[in-house]
Structures are given as C-alpha cells and as structure tokens.
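Please read these numbers as outputs of a predicted model, since none were measured by experiment.
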Amino acid sequence: MAITSEKLYSLGLNSVNTITIMVTDGKGGTSYRRLAFKRTNSAPSISGQDTALGHKTGSFAEKYTVTDIEGDNVVVTEFVDDVQIRSYQATLGQEETIELTREKWLMLTNGNHQLRVEAVDGNFATSVRVWTFSKTERVICFELNAPEETDEAASKVLITPTWHIEGATALVEACNNAFDAEPTWEDITPMVAINRVYNFTNKTKTADKWGVNIRFTITKNEGYEGEVSISGFGGAYE
C-alpha cells in the first residue's frame, strides 16, 4: 500500500492519522490491521550538494534554488564562515546567488573557509548547503581608490601603516604626479620603517593636474606560513 504525496500533504501537521487494512475470507471472518502515524513537517530543500571547491584565488559566487514541498514561508540566511552576508525571505523556486565579494575576500585570512546557506521554514525545519574552499595568498598589493588631487606638486609625504609583516618583505611607494599615464613611483619604504617624512624628488608631470597616490606591496617570505596583514594606514602630505 502506498500513500501518494498529494494525499500525504493534505493531512494536518503533527495530527494522528490511521491506516486501516481489512482482510476478509468471504465467510464472515474479518481481520483488521491499523497503523497510526503523524505527518511531520519537511525541511526546505536547497538545490545541489555540499561541494569542496578547492583553492580559490579571488572573489567568486555560487548559485542555488530553495524549494519547500509544503509551500511554507522560508527565510534564507547566507554566511561566509560564521559572518552573515544577507538574510531574506525566499521566493520558492527562484535561483539565487551567494557571493563572496572582493571586499570580503580580502578580509579572509589564509586557510580553509566556507560559504553557507541556511533555509528555515515557518515550522523551524532547517536545511543547510555548504561550499568549502581554501585561500593561500603570498602577496598583498593595493593603492588608493583614486589619487588625492593637489594644487601643486606635493613636496613630502608621511605614511604610518598598521600592519603585521614579520616574515614578509614590504615595499611602500608614493608619487606626486599620480594623474600621469605613467606616474613616477618613489620608494618610501625606508622612511615608513622609521616613521619619518619622505621628500619627493619628482618635479614634473604630463597630466593637467598634480596628485598623490600611495601603493603597498607586501610579499610573504618563502617558507613562512605565519600571518601577514595590514589593517590600515594613516598619512599626510604637503
């Protein structure tokens, strides 16, 4: 004997239901077997399978679809490790995307991580989908989003980073003609190391305006597996 899905899901949640089987021998002899059961709530479904993505080298995204056989309201929450990315009420059957943005990627330390989607329906049944990945970077390189425009050529600059660079080689560069097609980058690392002002040597530009930019390149030494990081920097120029 089989109960169809249509029949099963027409029954109330957590109510006692009975299947009765009657057998008769045609001569007035009858036997009964009764089976009692409850229909419990089914958890939402998240498409795909838990997946090991291996080594990643930058931001990425994964697609998924949430469904619920009872059609319950489902709240979906996305995480990178245990940090929430977003939470929203699902449109059942609609494809969604969990994204690890470049900003969030840069905040991750080297090692193993995971993207995780949790779907919880109105009866608190929960499903989880996990994508695991690893990050191994040996170089941190960045500069200002946009140069700081100046009225004339900056003559000096002071940069004070907050960083942890034991086991790494750091290069800090600055330029005072940042709007040029090929700016004149000057190595200011020695002055940064002793927290002193660096005096620009460049006096020329090809663009129609002057501007200051800063560039960091931090390279982890071969064989060093400890943490290397920079959380920010301050500075001034004139």
Would a single hydrophobic cluster contain both Ile230 and Val228, if residues Ile, Leu, Val, Met, Phe, Trp and Tyr are joined by side-chain heavy-atom contacts under 4.5 Å? yes
Euclidean distance, Cys175 SG relative to Trp210 CH2, rounded to 0.5 Å: 10.5 Å
Heavy atoms only: give me the nearest Val66-Ala119 pair and the separation to one decimal. CG1-CB, 4.3 Å
Nearest 0.5 Å please: distance from the CG atom of Leu92 over to the CG atom of Asp72. 8.5 Å
If we ignore hydrogens and angles and just use 3.5 Å, is the side chain of Arg116 paired with the main-chain N or O of Asp81 as donor and acceptor? yes
So Thr184 and Asn177, side chain to side chain donor-acceptor pair (under 3.5 Å) or not? Walk me through it. CA-CA 7 Å; Thr184 305; Asn177 57 350; 3.1 Å; yes
In terms of relative ring orientation, are Phe216 and Trp163 parallel, tilted or perpendicular, with 30° and 60° separating the classes? perpendicular
Validation row: Arg129, Asp50 side chains within 4.5 angstrom (heavy atoms): yes
Does any N or O in the side chain of Thr97 come within less than 3.5 Å of the main-chain N or O of Glu62, such that one atom is a donor and the other an acceptor? no
Is the backbone N or O of Trp105 less than 3.5 Å from a side-chain atom of Lys135, with the two atoms forming a donor-acceptor pair by type? yes
Just by distance, do the side chain of Asn213 and the backbone of Leu144 share a donor-acceptor pair under 3.5 Å? yes
Flag side-chain contact, heavy atom, 4.5 Å: Phe79 against Arg86: no
pair Leu115-Leu100: side-chain heavy atoms closer than 4.5 Å: yes
Output yes when Glu137 and Lys56 qualify as a salt bridge under the 4.0 Å nitrogen-oxygen rule, no when they do not. no
Where do Thr169 and Asn221 land on the side chain to side chain donor-acceptor pair (under 3.5 Å) test, with the steps shown first? CA-CA 7 Å; Thr169 301; Asn221 296 337; 3.2 Å; yes
Just wondering, do Gln84 and Thr77 contact through their side chains at under 4.5 Å, heavy atoms? yes
State whether the number of non-hydrogen atoms from other residues, nucleotides or ligands found under 6.0 Å of Asp25 atom CG is greater than 12. yes
Going through the distances and angles, do Ile21 and Tyr32 end up as a side-chain contact (heavy atoms from CB on, under 4.5 Å)? CA-CA 6 Å; Ile21 303 172; Tyr32 295 89; over 6 Å; no
Heavy-atom check, side chain of Pro161 versus side chain of Val192, under 4.5 Å: yes
Below 4.5 Å, heavy atoms only, C-beta onward: do Ser155 and Phe200 meet side chain to side chain? no
Say whether Phe233 and Val212 are linked into one hydrophobic cluster, either directly or through other cluster members, by side-chain heavy-atom distances under 4.5 angstrom. yes
Group every Ile, Leu, Val, Met, Phe, Trp and Tyr by side-chain heavy-atom contacts under 4.5 Å, then state whether Ile46 and Val74 land in the same group. yes
Is Ile85 reachable from Val76 through a run of hydrophobic residues whose side-chain heavy atoms are each under 4.5 Å from the next? yes
Atom CD1 in Ile165, atom CD1 in Ile218: separation rounded to 0.5 Å? 6.5 Å
Could you tell me the separation between the CD atom of Glu78 and the CD atom of Glu118, rounded to the nearest 0.5 Å? 11.0 Å
Nearest heavy atoms of Ala52 and Thr132, plus distance in Å: CA-OG1, 3.3 Å
Strictly distance-based, threshold 3.5 Å: is any side-chain N or O of Ser127 a donor or acceptor partner for the main-chain N or O of Pro44? yes
Checking Glu96 against Thr65 for the side-chain contact (heavy atoms from CB on, under 4.5 Å) test, could you report, in this order, the C-alpha distance in whole Å, the side-chain angles of both residues, the deciding distance, and whether it holds? CA-CA 6 Å; Glu96 298 286 350; Thr65 301; over 6 Å; no
All heavy atoms of Val75 vs all of Ser87, minimum pair found to be CG1-OG, 3.7 Å
Given the rule in the salt bridge (Lys or Arg N to Asp or Glu O under 4.0 Å) test, do Glu186 and Arg215 qualify, once you have shown the distances and angles that lead to the verdict? CA-CA 10 Å; Glu186 302 182 35; Arg215 184 165 68 188; over 6 Å; no
OG/Ser134 to CG/Leu108 distance, rounded to the nearest 0.5 angstrom? 11.5 Å
Closest non-hydrogen atom pair between Trp185 and Ile214, with its separation: CZ3-C, 3.9 Å
So Lys220 and Glu227, salt bridge (Lys or Arg N to Asp or Glu O under 4.0 Å) or not? Walk me through it. CA-CA 9 Å; Lys220 184 180 286 191; Glu227 179 180 332; over 6 Å; no
Test Thr101 against Ser59 for side-chain contact (heavy atoms from CB on, under 4.5 Å), laying out the working first. CA-CA 5 Å; Thr101 62; Ser59 58; 5.5 Å; no
What do the steps show when you test Lys209 against Asp151 for salt bridge (Lys or Arg N to Asp or Glu O under 4.0 Å), and what is the final call? CA-CA 7 Å; Lys209 54 187 175 182; Asp151 294 334; over 6 Å; no
So, for Pro147 and Phe179, which heavy atoms are closest and what is the spacing to 0.1 Å? CB-CZ, 3.8 Å
What do you reckon, are the aromatic ring centroids of Phe133 and Phe60 less than 6.0 Å apart? yes
Is the closest side-chain heavy-atom distance between Tyr198 and Thr201 below 4.5 Å? yes
Got Val139 and Thr217 here, is their nearest side-chain heavy-atom distance under 4.5 Å? yes
Dump the intermediate steps for side-chain contact (heavy atoms from CB on, under 4.5 Å) on Glu95 and Tyr64, then the final yes or no. CA-CA 6 Å; Glu95 187 175 69; Tyr64 65 92; over 6 Å; no
Quick one: pull up CE in Met191 and CD1 in Ile159 and give me the separation to the nearest 0.5 Å. 13.5 Å
Look at the side chain of Thr51 and the backbone N and O of Trp131, then say whether any donor-acceptor pair between them is shorter than 3.5 Å. no
Contact summary for Val130 and Gln114, nearest pair of heavy atoms: CG1-NE2, 3.8 Å
Between Tyr88 and Val83, is there shared hydrophobic-cluster membership here, with clusters defined by ILVMFWY side-chain heavy atoms closer than 4.5 Å? yes
Do side-chain atoms of Asp187 reach the backbone of Thr189 as a donor and acceptor pair under 3.5 angstrom? yes
Can you tell me if Asp180 uses its side chain to pair, donor with acceptor, with the backbone of Ala207 under 3.5 Å? yes
